[in-house]
J.: 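Dumping the structure here so I can ask a few things about it.
Each chain gets a letter, A, B and so on, in the order the sequences are listed, and its residues count up from 1.
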Number of protein chains: 2
Amino acid sequence: MNKIENYVGDCLQILKGVDSETIDLVITSPPYADARKKQYSGPCADKYVEWFLPIAEEIKRVLKPTGTFIINIKEKVVSGERHTYVLELIQAMRKKQWLWTEEWMWHKKNCFPGKWPNRFRDSWERCLQFNLQKKFKMNQDSVRVPIGDWAEGRLKNLSKTDKQRDNSKSGSSFGKNVSNWVGKKLVYPTNVLHFATECGNKKHPAAFPKSLPVFFIKLFTDKDDLVLDPFEGGGTTGIAAVELGRNYIGIDLDEKYSAIAQERIKKHLEQL
Amino acid sequence: MNKIENYVGDCLQILKGVDSETIDLVITSPPYADARKKQYSGPCADKYVEWFLPIAEEIKRVLKPTGTFIINIKEKVVSGERHTYVLELIQAMRKKQWLWTEEWMWHKKNCFPGKWPNRFRDSWERCLQFNLQKKFKMNQDSVRVPIGDWAEGRLKNLSKTDKQRDNSKSGSSFGKNVSNWVGKKLVYPTNVLHFATECGNKKHPAAFPKSLPVFFIKLFTDKDDLVLDPFEGGGTTGIAAVELGRNYIGIDLDEKYSAIAQERIKKHLEQL
DNA sequence: GTTCCGCATGAATCGATAG
DNA sequence: ACTATCGATTCATGCGGAA
């Protein structure tokens, strides 16, 4: 049985109670600057780095040397220009000894509609990968995808392989589904991830599809490893973690969202 | 008949001979830092900004105030980390009064195969959009794409809420009227561009597919406008420009590549 | 058990107007 | 002049209930 812990409060404070070098993967979507002010008091764009850096320092302390830190983020438009706080964040993290190993691209297949005179809809977000060492844990084989539907429909393939894996454990009779994949060649994915945002009722505004943490948890952790999300929001990272048999620590400032996250994780656990 | 000019030499020098405020669109893929050393003497990563900035200044002079500057670029990996010269370039350009209007993502559908212990294949590149004014020329209708398959089924039977304006419940002040989409065939694209790289025999190593400049030329210029590529390489921008009835100026340092570009453009022109 | 179909939902941005 | 608020704009998906 995996360990699940949920905390309410400022993650900077809560993190001080976490033991050093115990986390295998931190994956989070921090509040975007100035975004969703009505629901979430996000930091303002001009002081974003200043606000984030102390948190990153605590994360550095609790992360194992072979661990990985994934930040899902996107800059907003301010008076016709993309703001530069994400670029500044990358540079500031590097000054604090973080290695900017990779920038994954999350292509949001169902992005917001809208029309403006000088731009089109924003259909992608960054997933910044930071590490503490050049060598880190990476299970490349765990995220291979069928060679056929490679460019399109990655999400569907992933979720199907998920099902296949879960069902084989519980011994249920999904033999037909499994046979679909027998003999299909598996290849490694690229650094572009095609996922649709989930639009079911999560009672939380930030839509972060489960497939996203599932991908990174499979890739950067083993079974029973420890995953942390310091801004858990609707608890999607937690759901992905328990589904994959990982231990999990989730933190959120908002008591209401924390309760929702716990409820969703509990419910998901029961269904497994 | 459109005007086509090709120059061999250092673009910084050649550009000095171009009249001020005459170019409608600059689109180029500058030599990547340290990349392809055998073919192209690109600048080294640590001095990339220093090398590029004077060229950007000349481009600023020749660009019309309503014009657009598109840079196709991607940072390379240096000792396990993504280098930060592209981030620095964006910040340096902004200090020189360029507006960083948008970052388009080019998803390379058929990227190079390969496997490394700590990363997957790189399947995307940045297309940085810079402007001199908040208002610039943008022909959004010229690049519309067919509406998704969802529309056919979704719009057949409209519910009550579909027929009126329906505001989002999440408090994002976002609403929509689904009935507006009835009968619509074309919709606006997003800022994610899906193009396969061309692997035909072009005798030049750095190839972006024709579809890339075609998209931006349609979007940011009218017929008979003037397009510039200061690092034309195989001349793909030129081919796209003549095909779309735009005037074109191409520059390349290498006499051999310039000859190839001229030959390809000429051949393409004959086929039109 | 499986497919089909209806439908709510989502990290938005700009320009005009008002204070 | 500078800031706050408000209205206008427009897609694609996964989920859940029904067949």
Side-chain angles (χ1 to χ4, degrees), chain A residues 28-43 45 48 71-83 85-86 106-126 152-153 155-156 159 172-177 194-212 231 233-234, chain B residues 101-102 134-135 138 140 144-163 165-182 184-192:
Chain A
T28 196
S29 197
Y32 296 5
D34 294 324
R36 314 308 295 265
K37 266 204 172 144
K38 280 172 194 161
Q39 298 104 0
Y40 232 124
S41 59
Y48 199 84
I71 306 173
N72 164 229
I73 198 164
K74 177 75 189 206
E75 53 272 70
K76 59 176 291 190
V77 173
V78 176
S79 60
E81 269 192 287
R82 288 278 167 200
H83 202 282
Y85 64 87
V86 177
W106 169 26
H107 169 217
K108 295 191 285 186
K109 291 195 295 180
N110 60 343
C111 65
F112 261 69
K115 184 182 185 300
W116 305 274
N118 48 6
R119 63 181 62 253
F120 287 139
R121 293 174 296 152
D122 190 2
S123 189
W124 63 279
E125 295 193 8
R126 307 174 195 277
E152 219 60 42
L155 167 65
K156 278 181 181 123
S159 56
S172 73
S173 54
F174 260 69
K176 208 167 56 179
N177 274 350
H194 304 270
F195 297 127
T197 56
E198 286 168 6
C199 25
N201 183 14
K202 284 210 288 302
K203 295 171 188 163
H204 186 277
F208 177 100
K210 193 178 74 177
S211 354
L212 196 72
F231 304 97
Chain B
T101 308
E102 182 58 302
K134 279 196 207 175
K135 302 237 176 180
M138 191 178 193
Q140 299 194 338
R144 285 189 299 173
V145 293
I147 197 166
D149 297 333
W150 62 272
E152 201 178 330
R154 173 72 177 88
L155 300 174
K156 216 159 33 188
N157 296 312
L158 294 181
S159 70
K160 200 174 67 214
T161 49
D162 285 342
K163 286 176 188 150
R165 183 172 176 83
D166 181 36
N167 285 310
S168 170
K169 278 103 192 159
S170 74
S172 65
S173 79
F174 189 90
K176 52 100 193 59
N177 186 340
V178 175
S179 60
N180 287 340
W181 280 282
V182 172
K184 192 172 277 195
K185 292 273 179 286
L186 297 173
V187 296
Y188 298 102
T190 71
N191 60 356
V192 174

J.: Check every atom of D:dA12, D:dT10, C:dG15 against the side chain of A:Arg121 and return the nucleotide holding the closest atom.
T.: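 Taking heavy atoms from C-beta onward, the closest nucleotide is D:dA12.
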J.: Suppose you measure atom P in C:dC7 against the same atom in D:dT10; what distance do you get, rounded to whole Å?
T.: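 My reading of the P atoms in C:dC7 and D:dT10 gives 23 Å.
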J.: Measure CG/A:Asp122 against P/D:dT10 and give the value in whole Å, please.
T.: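 Distance check: A:Asp122 CG to D:dT10 P gives 18 Å.
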J.: Could you label the plane-to-plane angle of the A:His107 and A:His194 rings as parallel, tilted or perpendicular, counting under 30° as parallel and over 60° as perpendicular?
T.: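 Answer is perpendicular, since the angle exceeds 60°.
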J.: A:Leu212 CG to D:dG14 P: how many Å, rounded?
T.: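 One finds 14 Å between P of D:dG14 and CG of A:Leu212, rounded.
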J.: Could you check A:Trp116 against B:Ile147 and say which one's nearest nucleotide on DNA chain D is further toward the 5' end?
T.: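 That would be A:Trp116.
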J.: Tell me, which stems hold DNA chain C, with a stem being 3 or more Watson-Crick or G-U pairs in a row and both distances under 3.5 Å?
T.: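 If one scans DNA chain C for consecutive Watson-Crick or G-U pairs, the stems found are C:2-10 with D:11-19, C:12-19 with D:2-9.
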J.: If you look at every strand shown and take non-hydrogen atoms under 4.0 Å, does A:Lys115 touch a base, only sugar-phosphate, or nothing?
T.: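 If one applies the 4.0 Å heavy-atom cut-off, A:Lys115 turns out to touch a base.
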J.: Describe the nucleic acid contact of B:Pro189 in one word from base, sugar-phosphate, nothing, applying a heavy-atom distance below 4.0 Å.
T.: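 It contacts nothing in the nucleic acid.
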J.: Expressed as a whole number of angstroms, how long is the span from A:Ile73:CD1 to C:dA12:P?
T.: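 In whole Å, C:dA12 P lies 14 Å from A:Ile73 CD1.
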J.: What is the distance, rounded to the nearest whole Å, between atom NE2 of A:His107 and atom P of D:dT13?
T.: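 Roughly 9 Å, once rounded to whole Å.
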J.: Could you tell me if the side chain of A:Trp106 sits less than 4.5 Å from the side chain of A:Ser211, heavy atoms only?
T.: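 SC-SC contact between A:Ser211 and A:Trp106 ruled out.
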J.: Nearest of C:dC14, C:dG10, C:dT13 to any side-chain atom of A:Pro113?
T.: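 The answer is C:dG10.
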J.: Which of these nucleotides, D:dT13, D:dC11, C:dG15, is closest to any side-chain atom of A:Lys109?
T.: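 Per side-chain heavy atoms of A:Lys109, the pick is D:dT13.
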J.: Base, sugar-phosphate alone, or nothing: which one does B:Lys134 contact when heavy atoms must sit under 4.0 Å apart?
T.: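 Nothing, no nucleic acid heavy atom in range.
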J.: Would you say the side chain of A:Thr197 lies within less than 4.5 Å of the side chain of A:Phe112, judging by non-hydrogen atoms?
T.: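 No; the side chains remain at least 4.5 Å from each other.
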J.: Closest nucleotide of DNA chain C for A:Lys108 versus for A:Arg119: which of these residues is on the 5' side?
T.: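 Between the two, 5'-proximity favours A:Lys108.
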J.: What's the closest nucleotide to the side chain of B:Val187 if the choices are C:dC14, D:dC11, C:dG10?
T.: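 The listed nucleotide nearest to B:Val187's side chain is D:dC11.
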J.: Any side-chain heavy atom of B:Met138 sitting closer than 4.5 Å to one from A:Phe120?
T.: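 A side-chain contact under 4.5 Å exists here.
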J.: Starting at atom CD of A:Glu198, determine the distance to atom P of D:dA12, rounded to an integer number of angstrom.
T.: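 That distance rounds to 19 Å.
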J.: Look at atom NZ of A:Lys115 and say whether more than 12 heavy atoms of other residues, nucleotides or ligands are closer to it than 6.0 Å.
T.: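 More than 12 within 6.0 Å, yes.
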J.: Name the residue closer to the 5' end of DNA chain D, choosing between A:Thr197 and B:Leu186 according to the nucleotide with the nearest heavy atom.
T.: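 Result of the comparison: B:Leu186.
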J.: Find out whether A:Arg126 and A:Glu75 are in side-chain contact, i.e. whether some heavy atom of one side chain is under 4.5 Å from a heavy atom of the other.
T.: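 Touching, per the 4.5 Å side-chain cut-off.
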J.: Pick base, sugar-phosphate or nothing for A:Arg82, based on heavy-atom distances below 4.0 Å to the nucleic acid.
T.: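 Counting heavy atoms under 4.0 Å across all strands, the contact made by A:Arg82 is with sugar-phosphate only.
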J.: Could you list the residues that satisfy side chain to side chain contact (heavy atoms under 4.5 Å, CB included) with B:Glu102, not counting sequence neighbours?
T.: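 Per chain and number, B:Glu102 pairs via side chain to side chain contact (heavy atoms under 4.5 Å, CB included) with A:Arg82, A:Arg119, B:Trp104, B:Gln129, B:Asn191.
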J.: For A:Asn110 and C:dC7, what is the distance between atoms CG and P respectively, to the nearest whole Å?
T.: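 Those two atoms, CG and P, are 19 Å apart.
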J.: So, A:Lys210 and A:Glu198, do they make that salt bridge, N to O below 4.0 Å?
T.: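 Judged by the 4.0 Å cut-off on N to carboxylate O distance, A:Lys210 and A:Glu198 do not form a salt bridge.
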J.: Mind calculating the distance between CG (B:Asn191) and C1' (C:dA12) to the nearest angstrom?
T.: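 Rounding to the nearest Å, CG of B:Asn191 and C1' of C:dA12 are 12 Å apart.
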J.: Which one, C:dC14, D:dG14, D:dA12, comes nearest to the side chain of B:Trp150?
T.: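 Shortest atom-to-atom distance from the side chain points to D:dA12.
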J.: Report the distance from atom CG of A:Asn118 to atom C1' of C:dA12, rounded to the nearest whole Å.
T.: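 From A:Asn118 CG to C:dA12 C1': 13 Å.
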